[in-house]
Structures are given as structure tokens and as C-alpha cells.
Asks: 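Take a look at the following structure, please.
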Amino acid sequence: MSTSEIQPAGEKTRQKFSRGRNASTALDPQPSDSPEDPLNWPQWKKDIAFGSLVLGTAVTGMYKTMLVTVGSVLRFQLDTNWIGITALTGLPIMLGGLAGLKSIAISQLIGKRLLYILSALLLLGSGYWTMHVTGSYAEFMMSRVLAGICWGTYETLINMSMKDIYFVHERSSRIAILNVTSIIFTWGSPMIGGFISQRSDGFHNQVKIVNIIQSFSIIFLMLITPETTFKRAAANSRSTVAVETTITTTAPACVGLKLYLQSLRPIHPNAKSKFQLSKALLPFRALCAPTVILTFLMTGPLVASAFATALIIALLFSPSPILALPTQIGLMFTGPLVASLIAYGVAALAAHIRSRPPNHISATCQNHLGIAIPGLVLGFSGILGFGLYVEEILRPVTRKAGEVFALYVQGRDFNENIASLLFGLLVSGAVLINFSASNHMRATTSSVESDVVEGAHTTLQNLLTGIFVIGMPIWIDGNGGMSFPGLKNAAIALGVVQIFISSSVTALLWICGDAISRLDGRVLGRKAATEEDGFRTHQRWKSTDSFFDG
């Protein structure tokens, strides 16, 4: 087991500590005495379950940016306009955010495993459906909407399962792996997707590859990812004599296999709980929590602008005069991928250094919010620079050629490396500010509150992202691909909104963080929460090997 001791039945519960080099670290959350508790799983069992979660994270990342390189092709295949093409991603993102919030409430009643299985199977079904859609826009949209609902549920449950399996002092490096995986497959997969989309079968090649990966994800999910939800209060009320016997006695192989198969049931008895209206409504009440609203205002415009820009890359460069192929559009995502990985790595390293003794200040909001400042600067520079550069390149001008005036289309001077770099600044800024907000929410909320708070924040952010994705073609007002008169104004407006709103909210959270956290408690009913519900006072830890917290 992961704990240092087993409490005899009837004895008052004593605080449990970690082992090894973290022996002085009090375990947070405190595990039960049951070997079925995910916190007490052997390390190998935790890690193979974590591997399944990483694979699921990769799949959700690929689905979000699957269409960014083939928008021009789909426009003609599905006989629609650019707003219809961006809606194929914007609407699923919006519905995925709502589905994720709803999955938090349902998982409190029946656990996560059944939701995992259903969403994973439906996601594979939606991919198979998408692969066989030929010319029906309605069918394509329905398949994408189904995929969005599934990936929204899936990614929300993954974040919750991480907290079920690992203690606080064990999460940092695993969260880093999940975040890096998300960055690579969200912003890096278009590079491969654009290349394979120029082969025979075109765009369907992308869907085929994602379906294969999702098939492996389902196999791993069903065979190596048991239920992670565990009601510790109920387990602690039982006698622990049988638990001690199980730990100290070598069980027959058939018994071990039986226990393993029981742990793979769709709904595990230890994950079920009675319906309580207050708990069911908690994720939706969190939408009104001050921290959720403020962090959404801090991150929403920049993150939404990054995704909206990704979805109009094909709109800007596929038509004349650039006539970029899917492979060339995919290569423009090199900047976002490299820049976001560098920004994330630097931010994580800075957070790690500032959290180590004797300069241990990870409990302060300023440590997390400070990372938002370079994120805002990068994001503002990226959106403004990208908009102005592309508008200047694509804007036709009249120049005098001898005795006549000729129309000179400046697209011939387009440099895709510059566009990729500017786009990369925007995406890296979004990654940094999201990193800052996530750490801030985890630092100012309790264990269960952080689930609903982060879920509510993601829902609001996804709603705004969907609106930006769908609205961007309208804002830039393209005219057959020859000019985009609204691109410059849209870039300036988005840049001003980001720098003004996000910086103001960051300053407010910096100054009034404690007061805002107390208001969260009133909205979420923190006073009424009990240990049995899984609520406990959030306690920061001191560890010399923490990588970062978020």
C-alpha cells in the first residue's frame, strides 16, 4: 500500500504519511484502509491506468484540431460556406463543455467507469460515421456534435481520475505529462494531418488514424483502467481486520483474478452514492463562483482567439493568391507547437524553482498569477502581429507600372514562417495563461471543489471558444479569399480585449484572492461540506521534488 500504516478496527484514525524521501509529507488526501482505494493501489497499477488516460488525452486533442488543414476541401465537398466549416468545430466544443460539466454531476452518483466506456465507444462510433460521410453537411455536423459531447465528457473525467489515483505530492509530474500530451496532439497533429490528407482518400485518412488510436484506447480502458471513484467514508466504517489479512497473506491466483475482474465492473459498489440534490447541483452552482467567472475572463479571450485563429488558417491561405495545400497549412502549426512547448516548459520550471525550500511560496496566489503576465504579452503580440501581417500581405494595392496602373496582389510576398511564428506567439500565450489559471484554482480551492471549479471554468471557456470559432469568418469578412477587410480590425479588437480585460482581472485576483476565495465558499456551500462528501481543507505541501502543480 501507499500508506505507512494500517489502523486497527475501532482505533481512532491517525494521520498517515508517505514513505521514502517524502516520509515527512502528510498524505493528501488521507487514504482509507481498503486495498480497493485507488490511493492504495500498487504503483504499477496506478501507472498503467495513467497510461490509458494519457492515450485518451491524445485522442481528444486530435479531435479538436482535426479540420484545420482541410477546411477548403470540406467546403466544396459539403457544399457550405466558411461559417459552416468553422461551426463543425465550434459547436462541438461548446456542447463538449456542457457535457463535461454534466459528467461531473453524474459521476458523483455512479462513478466514472461507465461514463468512460460509453463516451469512448460513442467517440469511436462518431469517428466511423464521420469517415463514411460523403456529401451531407447535416450528417457530418451530427457526427462532429456526437464526438464533441464524448470528448468533453472524456477530458473532464480524466482530470478527475488523476486526483482519485494520486496523492497531491505525486500529481505534479503526471499532470505535466498530461498537459504536454495535450499540447503535442492538439497543436502538432495538424502537421501530420495535413500531409496524410493529400494522399488518396484525403481527409478520411486522418479519421482512420484517430479511430485506430481510439480503438486501442478503448481496449486499455476496459482492461487496465478500473473505477477510480471511491467513497472513503463508507470504506472506513467497515472493519479493517479483513484488509490486514488480505495484505499480509498471499492470495491464490484465482482469487486475485476474481478481484481484478470485479474491479472492472461498469458500476462499482464503492463508487455509487445516493442522490443528493445539493451535490448534483454543485457543478452548476460553480458557474456563479467568483473565482470561476474571474479566471474565465482572464483566460477566455486569449484561448478562444487561439482556436479561432487556427480554424481560419485554411480560410486565409487556401484560396488565391496563396493557394496553400493542406501540407503547407499543417506546417504552419510548427510555430504554435514549438512555442507552446517552450513556454510551458519554462513556466513549469519557474514554478518548480519558486516552490522549493527555502523559497517555498507556492501557497501564494501571486506565484501562480505572475505567470499570466508574460502570457498576456505573448498573446497580445501574437494576435496583433498575425492580424496586421496577414492583412498587409493579402490586401491588394494599385501600383503604377509605366504609364498604366496595375493591381498588385501582395500575397506573392507571403512568408509562411513569419505567419507560423506570430501564430505561435498567440498559442504560447494561451498556454501560459491557462497554466496560470489552473494553478490558481487548485491553490485556492479544496480537493472536490477544484473538480467542479475547473469543470465550470472549462465550460465557460469552451462556450466562448465556440462563439469565437464560429464568428471569426464573419468578423474578418472575407470576399472570395481575395481580401479580408475586417482582419486588421478584428485583430486589434481582440488584442485590446485580451490586454484590458485579462490584465484587469489578473490584478483583481492578485490583490483580492483571499476575499474571492471566501466568496467561493458561500456560493459552493463550503460550510455545509463534510469529510464524508470528500471535502477537506486544502493543504499545501512542502516537497523538494515537486515539478509543478498544474
Side-chain angles (χ1 to χ4, degrees), residues 28 97-98 100-102 104-105 108 155-156 159-160 162-163 168 171 175 179 278-279 281-304 347 351 361-373 375-376 430-465 498 500-529 533-540 548-550:
D28 182 12
L98 295 173
L101 194 64
K102 188 176 181 180
I104 297 177
Q108 295 174 344
E155 65 180 349
T156 299
N159 293 330
M160 296 173 65
M162 282 292 298
K163 299 172 184 178
V168 170
R171 293 174 191 165
I175 294 176
N179 289 340
S278 60
K279 291 179 64 176
L281 294 178
L282 186 61
F284 303 95
R285 291 169 58 188
L287 292 171
C288 302
T291 292
V292 171
I293 295 173
L294 292 174
T295 52
F296 158 67
L297 292 174
M298 182 176 78
T299 64
L302 187 50
V303 174
I361 57 174
S362 63
T364 65
C365 299
Q366 289 82 355
N367 184 45
H368 304 302
L369 295 174
I371 298 173
I373 298 174
L376 287 172
V431 168
L432 281 181
I433 202 166
N434 223 22
F435 174 87
S436 174
S438 297
N439 282 344
H440 175 75
M441 286 186 287
R442 293 187 185 117
T444 56
T445 55
S446 63
S447 181
V448 170
E449 283 178 357
S450 66
D451 286 335
V452 297
V453 166
E454 289 181 63
H457 171 266
T458 301
T459 297
L460 294 177
Q461 185 167 277
N462 284 342
L463 290 174
L464 184 65
T465 298
Q498 290 167 17
F500 177 74
I501 295 181
S502 298
S503 61
S504 300
V505 171
T506 302
L508 180 61
L509 288 171
W510 188 302
I511 297 171
C512 307
D514 293 337
I516 293 171
S517 180
R518 288 193 293 270
L519 290 176
D520 290 335
R522 295 182 181 180
V523 174
L524 299 175
R526 188 178 298 163
K527 292 182 179 179
D533 295 325
F535 287 90
R536 54 194 310 276
T537 304
H538 187 77
Q539 175 180 326
R540 302 299 299 176
F548 75 103
D549 183 37

Asks: State which residues pass side chain to side chain donor-acceptor pair (under 3.5 Å) with T299; sequence neighbours excluded, sorted by chain then number.
Replies: H457, Q461
Asks: First locate atom CD1 of I293, then atom CG of L460, and finally report the distance between them rounded to the nearest 0.5 Å.
Replies: 7.5 Å
Asks: In a check of side chain to side chain contact (heavy atoms under 4.5 Å, CB included) between P290 and each of L519, T295, L508, L509, which one passes?
Replies: L519
Asks: Is the backbone N or O of L432 less than 3.5 Å from a side-chain atom of S436, with the two atoms forming a donor-acceptor pair by type?
Replies: no
Asks: Could you list the residues that satisfy side chain to side chain contact (heavy atoms under 4.5 Å, CB included) with F500, not counting sequence neighbours?
Replies: S504
Asks: What's the verdict on side-chain contact (heavy atoms from CB on, under 4.5 Å) for L524 and L282, showing C-alpha distance, side-chain angles and the deciding distance?
Replies: CA-CA 7 Å; L524 299 175; L282 186 61; 3.8 Å; yes
Asks: Checking C288 now: which residues fulfil side chain to side chain contact (heavy atoms under 4.5 Å, CB included) with it, not counting sequence neighbours?
Replies: V523
Asks: Check side chain to side chain donor-acceptor pair (under 3.5 Å) between T291 and all other residues, then give those that pass, not counting sequence neighbours.
Replies: D520
Asks: Which heavy atom of P301 sits nearest to which heavy atom of L464, and what is that distance?
Replies: N-CD2, 3.7 Å
Asks: Write down the atom of M298, the atom of A437, and the distance for their closest heavy-atom approach.
Replies: CE-CB, 3.5 Å
Asks: Excluding sequence neighbours, so at least two apart, what forms salt bridge (charged side-chain N to carboxylate O under 4.0 Å, His left out) with E454?
Replies: K163, R442
Asks: What closest approach, in Å, do V452 and A286 show between heavy atoms, and which atom pair accounts for it?
Replies: O-CB, 3.7 Å
Asks: Do you know the tightest heavy-atom contact between L369 and W510?
Replies: CD1-N, 3.4 Å
Asks: Could you grab the distance from atom CD1 of I175 to atom OG of S438, nearest 0.5 Å is fine?
Replies: 9.0 Å
Asks: Could you work out, with side chain to side chain contact (heavy atoms under 4.5 Å, CB included) as the rule, every residue matching A105, not counting sequence neighbours?
Replies: P283, F284
Asks: Distance check, rounded to the nearest 0.5 Å: T458 atom OG1 versus N159 atom CG?
Replies: 7.0 Å
Asks: Nearest 0.5 Å, what's the CG-CD distance between D451 and Q108?
Replies: 8.5 Å
Asks: With sequence neighbours left out, what residues match L376 under side chain to side chain contact (heavy atoms under 4.5 Å, CB included)?
Replies: I433, I499, S502, S503, T506
Asks: Are the side chains of T156 and L101 in touch, meaning some heavy atoms are under 4.5 Å apart?
Replies: no
